[in-house]
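Report on the following structure.
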Amino acid sequence: DATMHLALAAARIGGAIAIVGAGGGRASVGWGLLPNNCDLFIPQGGTTADLHDVVALANAGRLQIDVERFAFERTAEGYAQVEAGRVAGRAVVTLD
């Protein structure tokens, strides 16, 4: 519930909240509780069993996952690279 509350509190006009995972929690929504034009959605892409299968493939080294890492201090640069279309795969901010 705390994570859902934080997501709703962080929402902005024209933003989006995607509820991902199976961790539970409740989000109370209604008129005036979300900014204008803010989307709240639950992507449906697979089952928990599918997730376990994908993790097993990754652990076995059978997946190639393109990730470009940015140290926390380079977060702004990472966003700029994504917006410019210069990141293949995912941009990930690391805290180390």
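Sequential numbering from 1 along the given sequence is applied to the chain's residues. Just so you know, these numbers come straight off a predicted model, no measurement behind them.
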Counting neighbours of CZ on F41 that are heavy atoms of other residues, nucleotides or ligands and sit closer than 6.0 Å, is the number greater than 12?
yes
In Å, rounded to the nearest 0.5 Å, how long is the span from CG of L6 to CG of D1?
12.5 Å
Work out which heavy atom in M4 is nearest to a heavy atom in I19; give both atom names and the distance.
CE-CD1, 3.5 Å
I need the minimum non-hydrogen distance between C38 and A16, along with the two atoms involved.
SG-N, 4.1 Å
Between N37 (side chain) and I13 (backbone), is there a donor-acceptor pair under 3.5 Å?
no
Sole candidate of I42, V29, L34, D39 that passes side chain to side chain contact (heavy atoms under 4.5 Å, CB included) when paired with I17:
L34
For a quick test of reading the model, state the closest non-hydrogen atom pair linking L8 to A27 and the distance between them.
CD1-CB, 4.1 Å
Side-chain polar contacts of residues 85-96 - donor-acceptor pairs under 3.5 angstrom, sequence neighbours left out - could you list them?
residue: R86; atom: NE; partner: Q81; partner atom: OE1; Å: 3.0
residue: T94; atom: OG1; partner: D96; partner atom: OD1; Å: 3.1

Compare all side-chain heavy atoms of L63 with those of V54 and state whether any distance is below 4.5 angstrom.
yes
Does T47 offer a backbone N or O that forms a donor-acceptor pair with the side chain of D50 under 3.5 Å?
yes
